[in-house]
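Only one structure is covered here, and it is reproduced in the block below.
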Protein chains: 2
Amino acid sequence: MKTNINKLKEKITSKGMKFTHQRLVIYRSLCDSKDHPTADMVYNQITEENPSISKGTVYKTLESFVNAGILQKFRDDMGLMRFDPVMDTHSHLYCNESSNIRDYKNPDLEQLLNNFFKENQIEGFEVEEVSLVIKGKSK
Amino acid sequence: MKTNINKLKEKITSKGMKFTHQRLVIYRSLCDSKDHPTADMVYNQITEENPSISKGTVYKTLESFVNAGILQKFRDDMGLMRFDPVMDTHSHLYCNESSNIRDYKNPDLEQLLNNFFKENQIEGFEVEEVSLVIKGKSK
DNA sequence: CTATCTGCAAACAGTTTGCATTCCA
DNA sequence: TGGAATGCAAACTGTTTGCAGATAG
């Protein structure tokens, strides 16, 4: 746990950014939650123990984390921005019933897709990045 | 052209909905544009020739078209709702430079993904629908 | 000390909603 | 004529912005 904090501090300060209480709290909230929360969810979660952190700060902090390569962000079906502390490329499983979003990583699948687009060039388009949206239900 | 209008009229009326001038104009605009427009884009486009159609009507009409199975909708990276008159399953090509969105359909790819998820069950998750987000640049 | 970060509130964009009026069937 | 569709404006939600004051390094 301490290690993670030190790593975070290093990541932050190495980018010339300042290490603040707010940033620590926000980052920890993201790591604790497995649900790829929105800025608003993070705000509601941390506000219980840290009532003085403002919503604007949460938005700005999450954005700087993304810029610093500490978080990834993506849009969900509702158009909400989701934040993800897992930085390597992976897909997401969207549960149609609970609207939960789980991580899914499969190197074979990545390989399969890379090969496919290497072999099947698209007329007038150069593929740079392919990601999967997997919908279904968790059981 | 006439044929399409009659087909549209049939689709609309067969659902117990009314066939109006606004709905015709909105549907035609979508078919003419190849760019998967947002409601706002449709509004701006039709408003040149039909200044009296209101924005609210465009939103409501697009939504009823989706419910009636006349259009598909999906979210883009910016969180905007996009509308698509092509109803069979297909992927989209997102151009990172122009932010254009093109259609991409490849039965082999669909087959490949279906097979993959048939053979690779995901622990605790039942896949219902898989779609691809393909980013790159058009050339 | 000073550049960055924070908190607050106002602004913004896309979309939805409510309701009186209009219009298709 | 009756029920659905329209137009308009107000409301709503998620997010961004501007700025004065606070704070890390």
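This is a predicted model, so every value here is computed, not measured.
Checking the phosphate oxygens (OP1, OP2) of D:dG14, no side-chain nitrogen or oxygen of A:Arg75 falls inside 4.0 Å. Proximity of B:Ser54 to the phosphate of D:dC8: no side-chain N or O atom is located under 4.0 Å from OP1 or OP2. For the pair B:Gln22 and C:dC23, the criterion of a side-chain N or O lying under 4.0 Å from OP1 or OP2 is not met. For the OP1/OP2 pair of C:dT6 and a distance below 4.0 Å, the side-chain nitrogens and oxygens of A:Thr20 include at least one atom meeting the criterion. Considering only side-chain N and O atoms, B:Tyr59 lies nowhere under 4.0 angstrom from the phosphate OP1 or OP2 of C:dT16.
Rounded to whole Å, the distance from NZ on A:Lys55 to C1' on D:dT16 is 13 Å. Spacing between atom CD1 of A:Ile26 and atom P of C:dG7 amounts to 8 Å, rounded to whole angstrom units. Atom CD in A:Glu10 sits roughly 14 Å away from atom P in D:dG25 (whole-Å rounding). Rounded to a whole Å, the NZ atom of B:Lys73 is 13 Å from the C1' atom of C:dG14. Here the C1' atom of nucleotide D:dG14 and the CE atom of B:Met78 are 13 Å apart, to the nearest Å. A:Ile53 places its CD1 atom 18 Å from the P atom of D:dA22, with the value rounded to the nearest Å. The distance from atom CZ of B:Arg82 to atom C1' of C:dG14 is 13 Å, rounded to the nearest whole Å. If you take OH of B:Tyr43 and P of C:dA13, they are 15 Å apart, rounded to a whole angstrom.
Here B:Ser52 lies in heavy-atom contact (under 4.0 Å) with sugar-phosphate atoms only. Heavy atoms of A:Thr61 sit under 4.0 angstrom from primed sugar atoms or phosphate atoms, though from no base atom.
Using a 4.5 Å heavy-atom threshold, the side chains of B:Val133 and A:Leu132 count as separate.
In this model, no donor atom of one side chain and acceptor atom of the other lie less than 3.5 Å apart for B:His36 and B:Asn100. Side-chain contact annotation: B:Asp84 with B:His92, donor-acceptor N/O pair under 3.5 Å present.
Take the nearest nucleotide of DNA chain C for B:Asp40 and for A:Gly56: the residue whose nucleotide is more 5' is A:Gly56. The 5' end of DNA chain D is approached more closely, in terms of each residue's nearest nucleotide, by B:Lys18 than by the other of B:Lys18 and B:His21.
For B:Met17, whose side chain is taken as the heavy atoms from C-beta onward, the closest listed nucleotide among C:dC5, C:dG14, D:dA5 is D:dA5.
Contact check on A:Asp77 versus A:Lys135 returns a salt bridge, with a Lys/Arg side-chain nitrogen under 4.0 Å from an Asp/Glu carboxylate oxygen. Contact check on B:Asp40 versus B:Lys55 returns a salt bridge, with a Lys/Arg side-chain nitrogen under 4.0 Å from an Asp/Glu carboxylate oxygen.
For A:Lys60 and D:dG18, a side-chain-to-base donor-acceptor distance below 3.5 Å is present, hydrogens and geometry of angles not being considered.
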